[in-house]
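Below: one structure, written as structure tokens.
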Amino acid sequence: MGRMDAVGIDAGGTFTDLVQLELGSGRIRAVHKRPSSPAQPAQAVLEAFAATGASPDEVRLVHGSTVATNALLERTLATTALVTNAGFEDAIEIGRQHRPRLYALQPRRARPIVPRALRFGIGGRIGPRGERWEPLDPAELAALRERLGRSGAETIAVCLLHSYRDGGDEREVARALAPLGLPITCSHAVLPEHREFERCSTTVVNAALIPRMRRYLAALAPLGDGLWIMRSDGGVGAAAAIAEQPVWTLLSGPAGGVVGAELAAARAGIGPFLSIDVGGTSSDVALGGAPLRAGAEIGGIEVAHPSVDLVTIGAGGGSIAWRDAGGALRVGPRSAGADPGPACYGRGGTEPTLTDACLLLGRLPDTGLLGGAFPLERERAEHAIARLARAFDLAPLALARGIVAVALEATTRALRRVSVERGEDPRERALVAFGGAGGLLAGDLVRSLGLRGALVPPEPGVLSALGMAGAPLTLRLAETLLEPLEPAGRKRLAEAFARLERQA
């Protein structure tokens, strides 16, 4: 093996995938797939890499995971304190006048990450042009340090007004709080852009993720110092940088799939396309060649970092079929995950999933997956589906067809969201279908949307890992400049670009 090899490792909710790629030719040297280890996410990653027999210093190693995403969705976050300007402690909870459910009579908003008792307002203020309105009080900062030391906080977010123009006050606050020995995230370092709520929300999310991401990356220490991490914008960053700004990894895994789909479509020469990644827990759909979006909402929390533009739905191969209170058949968003997995995996799962339905309908071979190395137990799938079928007074095969139909309708709606709702005609595009179950649904999706055709690339179950192996190194820097476009303003604009170039 030469130093021109790249290894991409995608740790998903159900499987952890590895692709070893020869960078010069693009030839796939090896593929490994193993069940993820939710209790110890790093374990499956280390085992997958060990299977290559390679040394970490011999390859370009890129890893993408759902650690940050799951922590935010499940709210398994560090206890976070927020330091902001006095009078603005509740801005993080007030947010914007955005109502996801416009006609809900009793709308519910996501619970803020930082409870009211851990939001601390301080004096000191700069204006929108960086001018000094009120100085910071060293005595107040010392008192703040004492209060934070007794608060039980594990990490601290600092977000002061207009710090995108001058981060000096935030740096001074961070220096005053440094003796506490806690991770401190300053908003001017994470998102030096105007719009106070989005900057504060992004800073808080980053701070809340740091302790967990540091522990995770420490568990990956055997992979060496040259580990790269897949970022939400489709590029890769150094693990040391990601440890301080884990907010960049909230769409780490799906971003690898988007890059992989672009590579597969370009190699096949299929032109405009839609992509769908049907994994074990969820499905991600995207418009091929679409620009990045400025931010995302995950679990009801706003994050204003550039990320791949996709729609995620809770309909994957491990999604559980169930009967709702109105008697309708539903599929997902709850998933059997990696442990115990679908009933047919024979690992203790008893609830019917999309994978079980596909096995009964002959869409999966009785001989199992991975060339027979991963056996499937048809009897267990039949038993799980038969139990739910009795609740609908249906034959098991009829219910299995219904499960697939419900999952197809959910994915069709998602594909329309990224195409029709954005003014794109899906009939002018092909479909790149990948993930463990992407090929199982591709033909039906082509027919339902009138697509030009479908591409199921070689090794579709590990295309996200392939995208990670081939992803470029990226560094994104930003600076807010609020100036009129007159000669003096254009000069300051050029100076700002020059500063960013030097910083990069």
Side-chain angles (χ1 to χ4, degrees), residues 68-126 128 134 140-141 143-144 147-164 167 169-170 173-174 177 180 182-212 245-247 250 293-305 307 480:
T69 314
N70 291 342
L72 185 56
L73 290 175
E74 299 166 3
R75 294 301 183 95
T76 53
L77 300 164
T79 302
T80 307
L82 170 63
V83 178
T84 187
N85 298 92
F88 288 82
E89 297 92 341
D90 295 326
I92 189 68
E93 187 166 359
I94 295 170
R96 298 287 182 188
Q97 300 231 358
H98 171 57
R99 294 181 63 182
R101 299 177 61 197
L102 186 60
Y103 299 106
L105 297 179
Q106 295 180 320
R108 295 183 178 180
R109 301 188 62 176
R111 173 171 49 87
I113 291 174
V114 182
R116 186 62 180 83
L118 288 177
R119 301 177 210 155
F120 300 89
I122 60 171
R125 184 87 172 265
I126 63 171
E134 178 187 350
E140 185 181 19
L141 293 181
L144 173 66
R147 293 171 64 194
L148 279 168
R150 299 190 302 267
S151 69
E154 300 171 295
T155 181
I156 301 171
V158 181
C159 185
L160 302 180
L161 291 172
H162 309 300
S163 66
Y164 56 87
D169 279 6
E170 289 190 346
V173 171
L177 302 180
L180 295 173
L182 300 177
I184 300 175
T185 298
C186 293
S187 72
H188 74 273
V190 173
L191 191 71
E193 301 178 20
H194 73 310
R195 301 192 184 281
E196 303 302 331
F197 166 68
E198 287 81 1
R199 180 160 51 85
C200 187
S201 179
T202 305
T203 303
V204 165
V205 170
N206 190 80
L209 290 171
I210 283 179
R212 182 160 183 172
Q245 293 199 9
V247 71
L250 284 169
R293 59 185 176 188
E297 181 180 297
I298 300 176
I301 303 298
E302 294 281 348
V303 178
H305 260 319
S307 60
T480 294

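Evaluation of the side chain to side chain contact (heavy atoms under 4.5 Å, CB included) rule for E193 yields L191, A478, T480 as partners, not counting sequence neighbours. Contacts of E93 classified as salt bridge (charged side-chain N to carboxylate O under 4.0 Å, His left out), with partners at least two apart in sequence or in another chain: R119. Evaluation of the side chain to side chain donor-acceptor pair (under 3.5 Å) rule for S151 yields no partner, not counting sequence neighbours. For A68, the side chain to side chain contact (heavy atoms under 4.5 Å, CB included) partners at least two apart in sequence or on another chain are L209, M213, T249, L250. Not counting sequence neighbours, E154 has no partner by the salt bridge (charged side-chain N to carboxylate O under 4.0 Å, His left out) test. By the side chain to side chain contact (heavy atoms under 4.5 Å, CB included) test, Q106 is found to be paired with no residue, residues two or more places apart in sequence or in another chain being considered. Remark: R116 engages D90 in a side chain to side chain donor-acceptor pair (under 3.5 Å) (not counting sequence neighbours). Partners of Y164 according to the ring pair (Phe, Tyr, Trp, His ring centres under 6.0 Å) rule, which considers only residues two or more places apart in sequence or in another chain, are H162. Scored by the side chain to side chain contact (heavy atoms under 4.5 Å, CB included) test, A117 finds no partners at all (sequence neighbours excluded). Under the salt bridge (charged side-chain N to carboxylate O under 4.0 Å, His left out) criterion, R96 pairs with E198, sequence neighbours left out. Not counting sequence neighbours, the partners of R293 by the salt bridge (charged side-chain N to carboxylate O under 4.0 Å, His left out) test are D309.
Evaluated for a side-chain contact (heavy atoms from CB on, under 4.5 Å) with V204, the options I156, I113, I301 yield exactly one hit, I113.
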Please report the C-alpha distance between V205 and L77 in whole Å, then the side-chain angles of each, then the deciding distance to 0.1 Å, and finally whether the side-chain contact (heavy atoms from CB on, under 4.5 Å) criterion is met. CA-CA 9 Å; V205 170; L77 300 164; over 6 Å; no
Trace of the side-chain contact (heavy atoms from CB on, under 4.5 Å) decision for R125 with D169: CA-CA 8 Å; R125 184 87 172 265; D169 279 6; over 6 Å; no
Give the C-alpha distance, both sets of side-chain angles, the deciding distance and a yes or no for side-chain contact (heavy atoms from CB on, under 4.5 Å) between L118 and T80. CA-CA 7 Å; L118 288 177; T80 307; over 6 Å; no
What's the verdict on side-chain contact (heavy atoms from CB on, under 4.5 Å) for S201 and I92, showing C-alpha distance, side-chain angles and the deciding distance? CA-CA 6 Å; S201 179; I92 189 68; 3.9 Å; yes
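Applying the side-chain hydrogen bond (donor to acceptor under 3.5 Å, both in side chains) test to residues at least two apart or on different chains, the pairs with a partner in residues 182-192 are S163-S187, E170-S187, E170-H188, R171-H188, T185-N206, S187-R199.
With a 4.5 Å cut-off on side-chain heavy atoms, T155 and L182 do not count as touching. At a threshold of 4.5 Å between non-hydrogen side-chain atoms, the residues T203 and V158 do not count as touching. Using a 4.5 Å heavy-atom threshold, the side chains of T84 and E89 count as touching.
More than 12 non-hydrogen atoms from other residues, nucleotides or ligands lie less than 6.0 angstrom from CG of L102.
In this structure, the separation between CG on L161 and NE2 on H194 is 13.5 Å, given to the nearest 0.5 Å.
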